[in-house]
Amino acid sequence: MEQPQLSLLALLAGLLIGAAVVGLIAGAIRARNRTLAQTSTEVPEGVEAMLDAMDDPAFVCDTSSTVLALSPAAEVFGVHAGEVIASEELKRVARVARDTGSGIAENLRLRRGAAPAEPRLVAVRATPISGRLTLLVLRDITERERVEEMRRDFVANTSHELKTPVGAVSLLAEAIESAADDPAQVRHFSTRLQAEVTRLSALVNRILSLSRLQAADELRDVRDVSIDEVVTAAVEAYAVQADAAQVTVVRGGTKGLWVRGEPQILTEALGNLVANAIAYSPEGSKVGVGVKLDDGVVEIAVTDRGIGIPESDQHRVFERFYRADQARSRRTGGTGLGLSIVKHAVQRHGGEVRLWSRPSRGSTFTIRLPLSETPDLDGVRSKPRRKGRKAIAAIAPPVKGDTA
């Protein structure tokens, strides 16, 4: 073989050997990097910045369940940097994700803070980011669960409550048909049929009102509302009911207070309290409606001297379809939605409802609303009287004959 050919063959062999050596070195470096990545407990670059920008609680932990980095919101669940995770459930989720090498998601009950804080339903997702590090992201879904439960209960309760008057209407219609030859019986069944129709109409109206209050994010017709006009409209709407029950409604307290809100919703809410007070008061007694200002809050208290509410039932009176006295509610035609409407209406106005009650001594329901500045009434007085009457008429009275 000639000298040039030998030189080329040697060069080619040297290139192949050099490439093989470089490949071996590169493979060794990659293997070392993989090993370091699998065994390192250093948080990868950019992860801490990502955690700082997150609104949800999230953190990175190692194989010993020690928190290495976390988002600001994570501390509400007792997670702190440099400390071991306190929750055994979170430790378990992180360990499973690390062992399987894939992300997992579970719903856990976790406390926000130390006991006796109420456990919250939290959706937890754990994702391994290396052989020793795991990222956990938490999302509080308690409110979502509560809303879904309310929706299911509302549908179930509504279906149950509607069955009674609908069934009664059907039976009475059959009774009228079978008693067609007896005018007295027809008149009797017709009266009962009308009562059931009225009850059904009131129930449907209440359900629609409550649905609107629960579904709306904001009030639609917000303006300055005179508490004097709200009280007047609510009391006058139930004047006939008060006379029939031989109950006297007495007004008192501070005049000239204003709030921001929808007059019709506020009037209906207060009217429900007045109607309840009348329905649960004995003959010859008085129902008081008092207004006062307490440190920037307008308080409207409705007091009766009726049967009162046991302490064990007081936390439930604002639930939909709940009735403290089932027998009396049936006699008065109550739907069990009045107080629930009151609660949601007042909450929509940024206020709250308080209850004081003692069995055999009576009850006091107090609506508390933020005070609003007294509006400039000069422009209102200068308008034609017809427009003024229309403005007052906008405060529609609530549906009569309905109690909680």
Side-chain angles (χ1 to χ4, degrees), residues 213 219 221-239 241-242 245 247-282 285-309 311 314-315 317-318 338-377 380 391-392 394-398 403-404:
L213 286 173
L219 299 173
D221 185 24
V222 178
R223 59 180 185 265
D224 292 314
V225 181
S226 169
I227 293 299
D228 295 339
E229 294 183 358
V230 169
V231 172
T232 298
V235 172
E236 290 181 352
Y238 291 96
Q241 178 182 338
V247 173
T248 304
V249 180
V250 180
R251 293 179 53 184
T254 307
K255 301 284 188 179
L257 299 180
W258 294 72
V259 299
R260 291 284 295 175
E262 287 195 31
Q264 183 173 354
I265 293 179
L266 291 175
T267 302
E268 182 178 2
L270 182 59
N272 287 339
L273 295 182
V274 173
N276 278 355
I278 294 172
Y280 286 91
S281 294
S285 63
K286 295 182 179 180
V287 168
V289 182
V291 180
K292 75 173 183 177
L293 181 62
D294 180 21
D295 194 20
V297 176
V298 178
E299 293 189 347
I300 313 172
V302 179
T303 303
D304 64 61
R305 295 291 179 266
I307 61 175
I309 303 171
E311 187 173 354
Q314 292 181 18
H315 70 287
V317 295
F318 295 102
L339 291 179
S340 184
I341 290 176
V342 173
K343 183 186 73 172
H344 286 88
V346 174
Q347 288 178 344
R348 278 282 180 264
H349 287 78
E352 63 175 347
V353 184
R354 294 181 177 178
L355 166 63
W356 177 93
S357 185
R358 294 291 184 274
S360 303
R361 295 179 58 185
S363 304
T364 298
F365 287 87
T366 303
I367 294 176
R368 291 169 50 86
L369 298 169
L371 176 68
S372 175
E373 293 185 4
T374 303
D376 182 8
L377 300 179
V380 177
I392 295 175
I395 308 179
T403 64

Engineer: May I ask you to decide if V287's main-chain N or O and D304's side chain share a donor-acceptor pair within less than 3.5 Å?
Structural biologist: no

Engineer: Kindly compute the distance separating CG (L266) from CD (E229), expressed to the nearest 0.5 Å.
Structural biologist: 12.0 Å

Engineer: Identify, with sequence neighbours excluded, every residue that meets side-chain hydrogen bond (donor to acceptor under 3.5 Å, both in side chains) alongside R251.
Structural biologist: T232

Engineer: Can you tell me how far CG of D224 sits from OG1 of T374, rounded to the nearest 0.5 angstrom?
Structural biologist: 8.5 Å

Engineer: Which atoms form the tightest heavy-atom contact between W258 and E373, and what is the distance?
Structural biologist: CB-O, 4.3 Å

Engineer: Between A275 and Y238, what is the shortest heavy-atom contact and its length?
Structural biologist: CB-CE2, 3.4 Å

Engineer: Once side chain to side chain contact (heavy atoms under 4.5 Å, CB included) is applied, do any residues pair with L355, and if so which ones, sequence neighbours excluded?
Structural biologist: I309, Q314, V317, S357, S363, F365

Engineer: If the condition is salt bridge (Lys or Arg N to Asp or Glu O under 4.0 Å), which residues does R368 pass it with, not counting sequence neighbours?
Structural biologist: D294, E299, E352

Engineer: So among L339, I300, V289, which one has a side-chain contact (heavy atoms from CB on, under 4.5 Å) with L273?
Structural biologist: L339

Engineer: State, to 0.1 Å, how close P263 and R223 come at their nearest heavy-atom pair, and which atoms those are.
Structural biologist: CG-NH2, 3.3 Å

Engineer: Not counting sequence neighbours, which residues clear side-chain hydrogen bond (donor to acceptor under 3.5 Å, both in side chains) with T364? List them please.
Structural biologist: T303

Engineer: Over all heavy atoms of both residues, which pair between E262 and V222 is shortest? Give the atoms and the distance, please.
Structural biologist: CG-N, 4.3 Å

Engineer: Minimum heavy-atom separation for Q241 and A279, please, with both atom names.
Structural biologist: NE2-N, 4.0 Å

Engineer: Considering all heavy atoms of both residues, which atom of V342 and which atom of A269 are nearest to each other, and what is their separation?
Structural biologist: CG2-O, 3.3 Å

Engineer: Hey, mind stepping through V259 and H349 against side-chain contact (heavy atoms from CB on, under 4.5 Å) and telling me if it holds?
Structural biologist: CA-CA 9 Å; V259 299; H349 287 78; 5.9 Å; no

